[in-house]
Chemist: 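Okay, here's the structure, questions in a sec.
If you're wondering where the values come from, they're calculated on a predicted model, not measured in any experiment.
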Amino acid sequence: MTTVAAEYEHMDIQQQYQDSVNNRWEEEWDNENSSARLFERSRIKALADEREAVQKKTFTKWVNSHLSRVSCRITDLYMDLRDGRMLIKLLEVLSGERLPKPTKGRMRIHCLENVDKALQFLKEQRVHLENMGSHDIVDGNHRLTLGLIWTIILRFQIQDISVETEDNKEKRSAKDALLLWCQMKTAGYPNVNIHNFTTSWRDGMAFNALIHKHRPDLIDFDKLKKSNAHHNLQNAFNLAEQHLGLTKLLDPEDHPDEKSVITYVVTYYHYFSKMKALKVEGKRIGKVLDNAIETEKMIEKYESLASDLLEWIEQTIIILNNRKFANSLVGVQQQLQAFNTYRTVEKPPKFTEKGNLEVLLFTIQSKMRANNQKVYMPREGKLISDINKAWERLEKAEHERELALRTELIRQEKLEQLARRFDRKAAMRETWLSENQRLVSQDNFGFDLQAVEAATKKHEAIETDITAYEERVQAVVAVARELETENYHDIKRIAARKDNVLRLWEYLLELLKARRQRLEMNLGLQRVFQEMLYIMDWMDEMKMLLLSQDYGKHLLGVEDLLQKHALVEADIGIQADRVKAVNANAQKLAVDDEGYKPCDPQVIRDRVAHMEFCYQELTQLAVERRARLEESRRLWKFFWEMAEEEGWIREKEQILSSDDCGKDLTGAVRLLSQHRALEDEMSGRAGHLQHTVREGQAMADAGHFGEDKIRERIADIQAQWAALEQLAAVRKKRLEEACSLHQFQADADDVDTWTLDALRIVSTADVGHDEFSTQALVKKHKDASAEVASYRSVIDALHEQAQSLPPEQVQAANVNERLAGIEERYKEVSELSRLRKQALQDALALYKMFSEADACEHWIDEKELWLNSMEIPEKLEDLEVIQHRFESLEPEMNNQASRVAVVNQIARQLIHSGHPSEKDIKAQQDKLNTRQVIAFCAGDKCIFKFCCIVISACLQEGKQLVSEKPETEAVVKEKLAALQKMWTELETTTQTKAQCLFDANKAELFTQSCADLDKWLVGLEGQIQSDDYGKDLTSVSILMKKQQMLENQVEVRQREVEELQSQAHVLRQEGKDTDEVDGRRKEVELKFKELLEPLQKRKDFLMASREIHQFNRDMEDEILWVEERMPIATSTDHGHNLQTVQLLMKKNQTLQKEIQGHQPRCDDIFERSQSILKADSPNVEAIQARLSDLQQLWSLIIQETEKRHARLEEAHKAQQYYFDAAEAEAWMSEQELYMMSEEKAKDEQSSVAMLKKHQILEQAVEDYAETVHQLSKTSRGLVAANHPERYRTQLHTLDETGLKFPFVELRTASSRGRYGGGTPHRDPCLKPTLKKHQLVGPATTMTSLPSQLVQNRRR
């Protein structure tokens, strides 16, 4: 089965590889990162993921199909199998056996235990699980989980499949058998050719053919089409699920792999195989009865044979449990021979009989199972399990008998071997102990430390050997004890020889201990003598050092000497303890008592006294030298402090001499704060300076040998300090003036900012969209106007601030010009505020007019609706009601006429003021007047109609009265005739009045329009004749906006002039005064045309003024930019180290790039200046002067940046030299520390290492010589080139006082071992030490290097 799984896995990999190969990319396979290979990799991964998803779905459905028997189900194959519970249930369903009960709990260990139970069951079923463990399933490993399910499918679903062919009866493998079965069942079906489990099933014809073969009633196979694969698959899967009860493991949309198809096809095989098996079961029933009689006979035979076998087993066990053995080697061997005879002769026939019983019982049970009978079970005591248990007890007794015999045999053989080994080892130990007793009895120690140490090493080796030999002696004793324990027959002889070996061993240990005591006394004495010799040599070297006349040539030298002297004093102090320890050890050896004496005690006491005297002398010399060095340090410290004060004064002089007073208020305040901090620092520094001066004067007064130089130095420093205080006062005054100037400029900037914000507010064109919004804007504008008025005090304060500035700053910073500009812009803001106030008032009046007009039109609409819908009654009594309503209509009409008059008045005021919505106002006015005339006419008509009806009613009443009362006929007729006459006169008068009103309205409108236009033209002429063309760019922009507004009004008025022509034409047709109308119209048109040309000229002047002011603004901006950058270009700050110089170079490069960026702007200004100068501007001289200033400043800043670049390059070279020189000094200091090291060699290996390290140092010093020479060359080059730092560079020149002298000393020290002459070289000091260690050998340690070498390192 493992082979089948491996074959399937191999087929999957091969199929995956073949499907992923693309012939179009064969030429790119050689390229590891080619696009073809990358595509194939991604394609292979996608196919693998798809195949895994299909397998997961198929296997999940397969598992659920079997778990449904126990009412269980899983949803996720990877997750639900992790706890092992479902896996155990699945195996129980498939195998029909009971597995161990799952462990309760959800922890990982419980899951691992459950999965282990399932895997153990599979192993018992001879299922090979390669590279698979329980942790893989619990961790949800996809590949191994799928592999486990596939292995289960192979074992319980596919493994038992076999098909016998008719030709050769050959049995095939499970897969081949399943494939052959499918081919046999689908043979003869069209479009069905099954040769694998992948492509042969994709069209669905094979599934339908299998179903049709066994259930032709379910499918009409002839109607299926190979091209409709989805339908075929869906049909087969649905039929198998609905009619055959087979779970739908696959879906038509899937692309299943071979395993998934095999899993699904196997379900078809088992289902149809069961159908065939039902037919065969009938034939088997007849055979059951024939086997029943034969089975009874076999049962009786089994009972008899089982009883006999059990009886023999029990008797044999009693014999084997006997443990009485012979007490000799020969007797035990004979008993073992008898036991072997039993195993080879008597036992095998009984084992065969037992096997036959098992076969007989199995045959009986098999036949009864085949006949579906109750299986025969032997009675208790004669079961196969009982026989097996008895046989196991027999084998156990047999095994124990064999072990006991062999143990006894081994024990006897071991005792004989131990006796022989004891005799051999005892003889060897006795010989070795005798020889070592003679060896440790000798006292040849030698007469010096090396010899005694060698003897000590030899003795230690002897002790080590003897100590190690104790185990061998104890081994002999252990063998003797073991023989005694085992009751060996010759134990007395063994015990006597053991006691002899122990006696010799104890005597050897006593001799060894006595020799160790004598050797330690000699070794201690020689070490004391050697230590005394080292101390005396060291004290001689220290005396030479303390008698030196070198007290330092500068402060660092004195400090160095003091540090070295402190080290010497520390060494002397340390040596005091060492001297005391040596003397104490020597006194212990000089005691006069009995016993072994390695030397004469008087010799030891003489040496101790001499060493005490030398040490006291050395201590006195150290105290005297420290006093002299302290005096020298005091003098050099004074000079060093004076030099430090001088350097600080020069540094602060450079800071106080700076021309930088800050570019803005923040910078100036910061510089002033720094200056105050500097003054505080000067105050604190003054006390220290005075203290140093007093110390110098005290030394001079005491008659110091450097009195003249001390007094000269004090006078020089005091003069420099006075100059520094004067510079501080001057700079403080300049910084305070700069702060005042920058404060003025900051306040002026705030005023400019406020002015711009105010201009933005008051120049807005928003006047609201209705009466409410306009009133809100009026309120806001009132607040803004109040703010403008209140800002007057701020500007006045700015004037006062400018008056307090120095005159030169006022002139340099153009303070007066800026104040003038601020005043001009403030006036402009005030004027715009006034104009906006007027605009808001006009807008408010406009919205009020529109509101009144809307109210009037609303009243007219209501009355028109009432008049048009009014029905006049015929009865006279009802007419009285209508009459009352008409009587109230006339006052209302009069009231509305007055409101219309108010609207007309407001409209005329707005039109005369030149409102921008003049056209809308005019239209609204005309509309309202027209509606009023129409409404009044309608009212007159209604009144006229009412009068007609009243008169008709009166006539009817008169006729009725005459008919009723004839006597009143004359009076009535007279009244009616008078009424008729009055009515006729009223009708004629009304028509005449209506026509006059309509004609008068047209003439009035024409006259009003002409008057409005004439008034507007007069105002426009006054604005055009103004000679104000702006004093700066802002005012010109405002005038340009006003000019644009005028042009827009002109366009509107031009359309009104054109409308006048049509109105005049209408009046001429109606027969009005033609000459007067034409005269008014022509007069207006003439004035309008005369104003067009001045309007265009004013626009041209404003454009030219804006161009000039824009040019001035750009030119001033560039001049201001150059003036701001000029301090950077002319700065004398060149940095004080390499990093600051590099930073300043980057800033200068940035400035050069900014200059290049501003070059096009300057070129544009110079080009525009040509056209402006040709235009004969009134400010030509001022423009030429500012242009000249710009050209000079521009050329100057370019030159200064180039010069600063050159200066920074020179400073960079100098700072680079200082940096390299500092590195060289640091390197030499590191090497000097190595030369001062106190490391001592301890053996030959460390001596060789120290010698090699010193040789490497010598080579490094020689290699570094080229670097030092190159620095010297660089220094001389800077001095020769007259570098600005040449005086400072000379201080670092590599000569006797620079780096060269320490370098020469370092190189000398590397070859001599210390500074100074007349001492042995380091190599000769190291080489004898090395030779000494080589002579002594590894057994001797090197206690210390010569003290002279240590002192050399310290110096």
Chemist: If you measure only the distance, is there a donor-acceptor pair under 3.5 Å linking the side chains of R605 and Q602?
Modeler: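 Q602 and R605 do have a side-chain donor-acceptor pair below 3.5 Å.
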Chemist: Are any of the side-chain nitrogens in R527 or E531 under 4.0 Å away from the carboxylate oxygens of its partner?
Modeler: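 Salt bridge absent between R527 and E531.
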Chemist: Hey, are K117 and T103 close enough side-chain-wise for a donor-acceptor pair under 3.5 Å?
Modeler: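 Checked: T103/K117 side chains pair up, N/O donor to acceptor below 3.5 Å.
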Chemist: Should the pair E392-K389 be classified as a salt bridge under the 4.0 Å nitrogen-to-oxygen rule?
Modeler: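 Here E392 does not pair with K389 in a salt bridge, since their nearest N and O are not under 4.0 Å apart.
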Chemist: Quick one: does NZ or CZ of R497 land under 6.0 Å from the six-membered ring centre of F422, within 45 degrees of the ring axis?
Modeler: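 No.
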Chemist: Do Y469 and W505 have ring centroids that are under 6.0 Å from one another?
Modeler: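 When the ring centroids of W505 and Y469 are compared, they turn out to be at least 6.0 Å apart.
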Chemist: Quick one: side chain to side chain donor-acceptor pair (under 3.5 Å) partners of R516, sequence neighbours excluded?
Modeler: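 For R516, the residues satisfying side chain to side chain donor-acceptor pair (under 3.5 Å) (neighbours in sequence not counted) are E463.
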Chemist: Taking NZ, NE, NH1 and NH2 as the nitrogens, is one of them in D116 or K123 under 4.0 Å from a carboxylate oxygen of the other?
Modeler: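 Result for this pair is no, no salt bridge flagged.
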Chemist: Any side-chain donor-acceptor pair under 3.5 Å between R503 and N500?
Modeler: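 Note: R503 and N500 side chains meet the donor-acceptor criterion.
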Chemist: Can you find a pair of side-chain heavy atoms, one from E486 and one from K414, that are under 4.5 Å apart?
Modeler: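 They are not in side-chain contact.
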Chemist: With respect to W432, which candidate in L504, V473, I466 satisfies the side-chain contact (heavy atoms from CB on, under 4.5 Å) definition?
Modeler: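 Only one option passes, and that is I466.
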Chemist: Which one of I317, I318, I319 satisfies the side-chain contact (heavy atoms from CB on, under 4.5 Å) criterion with N321?
Modeler: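 So, applying the side-chain contact (heavy atoms from CB on, under 4.5 Å) to N321 and each of I317, I318, I319, only I317 qualifies.
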Chemist: So does E617 pair up with K543, basic N to acidic O under 4.0 Å?
Modeler: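 Between K543 and E617 there is a salt bridge, with a charged N closer than 4.0 Å to a carboxylate O.
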Chemist: Indicate yes or no: at least one non-hydrogen side-chain atom of L433 is less than 4.5 angstrom from one of Y507.
Modeler: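 No; the side chains remain at least 4.5 Å from each other.
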